[in-house]
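The next block holds one structure in the form of structure tokens; read it before the comments.
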There are 2 protein chains.
Amino acid sequence: MTRTHHPAPTFQLRLALARDVVIGPGKAALLDAVERTGSISAAGRTLNMSYKKAWQLIDTMNRHFSAPLVVTQAGGHERGGAQLTELGRQVLAHYRALERKLSPSVSAEAQALIDLLGRPADASPLDST
Amino acid sequence: MTRTHHPAPTFQLRLALARDVVIGPGKAALLDAVERTGSISAAGRTLNMSYKKAWQLIDTMNRHFSAPLVVTQAGGHERGGAQLTELGRQVLAHYRALERKLSPSVSAEAQALIDLLGRPADASPLDST
DNA sequence: CTCCGCTATATCCAAACGGACACAACGGAA
DNA sequence: TTCCGTTGTGTCCGTTTGGATATAGCGGAG
């Protein structure tokens with residue numbers, strides 16, 4: 001390591017593909033959790049998010065995108081659940097891919113900024129006024 | 001144009017350089033406005049933001065960064081005002097530079113996503129079920 | 001048929017947010 | 001000295017947000 005252990009700078013990306021057609025870190029994490037857990041309520045629990053909040057976010061996406069990203073079933077095969085549609089998987093995949101693609105550039109610039117902060121540009125040696 | 005007039009997809013970038021050291025679209029726009037207008041209140045007006053809100057955002061930045069990004073004067077030369085410090089200008093410049101650097105990649109991926117939405121993956125030609 | 005966990009929805013209520021407004025201090029201009 | 005626009009701070013209050021809770025329906029498992 002160069003100095004001490006840094007908390008590692010992070011970045012968040014929010015895409016507005018059209019009016020109200022928006023995906024950011026929160027919805028991406030939720031889609032991820034739904035895919036892994038197979039239900040909205042379980043996804044909410046893993047994200048420490050209320051069912052209401054999780055359902056609202058998914059409902060917003062389903063209504064604003066051209067087709068649902070998540071399909072649900074009350075009761076049934078395994079007492080109900082939810083899963084991503086093909087569109088949902090692709091949207092999530094594209095979002096993650098873009099995050100990965102941007103990561104190197106962001107890291108480089110963030111490091112430059114952190115270097116700036118470490119050196120507060122103070123003590124101009126010949127400041128007459 | 002290819003089809004109809006698109007609202008042009010946009011993206012927002014939020015950088016967390018450290019705990020509570022965060023800059024995103026809102027604060028960047030505010031720094032921009034302060035630099036242009038020379039005061040917090042005028043910046044707030046141009047952004048249609050209350051003085052309270054503008055001041056709070058600037059105060060948050062000044063307290064959490066290693067040094068102030070904005071310096072102010074009540075009364076004085078031109079009845080008071082505010083301007084960016086050298087650090088403030090550099091932080092803003094880096095943020096804008098990163099936005100510009102990321103823009104092409106984002107545009108490309110966003111277009112791929114929009115294409116996905118335009119074709120809701122429906123009407124599989126040979127769907128037996 | 002009963003049971004189970006989930007979906008979907010409504011109601012209630014506390015906390016957070018944010019705008020509107022008031023006000024004192026500042027300090028150079030006139 | 002008076003005047004001015006700004007900074008900085010506080011209070012009040014309506015709006016929004018979001019958690020907690022309740023309830024109904026679903027539909028396969030047992």
Side-chain angles (χ1 to χ4, degrees), chain A residues 12 14 19-20 22-65 67-85 87-88 129, chain B residues 12 14 19-20 22-65 67-85 87-88 129:
Chain A
Q12 296 183 343
R14 165 162 282 111
R19 179 99 161 92
D20 286 333
V22 182
I23 185 167
K27 287 172 185 165
L30 183 55
L31 291 180
D32 245 329
V34 167
E35 187 168 49
R36 289 197 312 272
T37 64
S39 88
I40 295 176
S41 59
R45 283 193 295 271
T46 69
L47 297 180
N48 214 37
M49 177 188 302
S50 68
Y51 174 82
K52 179 185 180 180
K53 177 74 173 175
W55 183 86
Q56 283 176 336
L57 287 173
I58 289 175
D59 182 59
T60 296
M61 288 189 280
N62 281 350
R63 283 186 297 101
H64 288 315
F65 279 72
L69 306 195
V70 175
V71 287
T72 61
Q73 184 186 11
H77 69 97
E78 271 308 319
R79 304 193 188 94
Q83 55 178 321
L84 300 195
T85 62
L87 179 62
T129 42
Chain B
Q12 296 183 343
R14 165 162 283 111
R19 179 98 160 93
D20 287 331
V22 182
I23 184 167
K27 287 173 186 164
L30 183 56
L31 291 180
D32 245 330
V34 167
E35 187 168 49
R36 288 197 313 271
T37 65
S39 88
I40 296 176
S41 60
R45 284 194 293 272
T46 69
L47 297 180
N48 215 38
M49 178 188 300
S50 69
Y51 173 84
K52 181 183 179 182
K53 177 72 174 177
W55 182 87
Q56 283 175 337
L57 288 173
I58 290 176
D59 182 60
T60 296
M61 287 189 282
N62 281 350
R63 283 185 297 102
H64 288 314
F65 279 72
L69 307 196
V70 175
V71 287
T72 63
Q73 184 185 10
H77 71 97
E78 272 305 319
R79 304 193 186 95
Q83 54 178 321
L84 299 196
T85 62
L87 179 61
T129 38

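First the proteins, then the strands, lettered A, B, ... as listed; each starts at 1.
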Distance check needed: [N] [atom2] versus [X] [atom1], whole Å only.
X	N	atom1	atom2	answer
A/Y51	D/dG19	OH	P	15 Å
A/Q56	C/dT11	CD	P	14 Å
A/L57	C/dA8	CG	P	14 Å

Evaluate whether atom CZ of B/R63 has more than 12 neighbouring non-hydrogen atoms of other residues, nucleotides or ligands under 6.0 angstrom away.
yes
Please tell me which of the listed nucleotides, D/dG18, C/dT7, D/dT11, lies nearest to the side chain of B/K52?
D/dT11
Any idea which of C/dT7, D/dG8, D/dT7 is nearest the B/A82 side chain?
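When the side chain of B/A82 is considered, D/dT7 is the closest of C/dT7, D/dG8, D/dT7.
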Does [X] have a side-chain nitrogen or oxygen under 4.0 Å from the phosphate oxygens OP1 or OP2 of [N]?
X	N	result
A/T72	C/dA8	yes
B/S50	C/dA20	no
B/K53	C/dG18	yes

Quick check: do B/I23 and B/L31 have side-chain heavy atoms less than 4.5 Å from each other?
yes
With side chain to side chain contact (heavy atoms under 4.5 Å, CB included) as the test, would you mind laying out the steps for A/T46 and A/T37 before giving the verdict?
CA-CA 9 Å; A/T46 69; A/T37 64; 3.9 Å; yes
Protein N or O to nucleotides 28-30 of chain D N or O, pairs below 3.5 Å:
{"from": "D/dG28", "atom 1": "O4'", "to": "A/G76", "atom 2": "O", "distance (Å)": "3.3"}

Toward the 5' end of DNA chain D, which comes first, A/N48 or A/A74, by nearest nucleotide?
A/N48
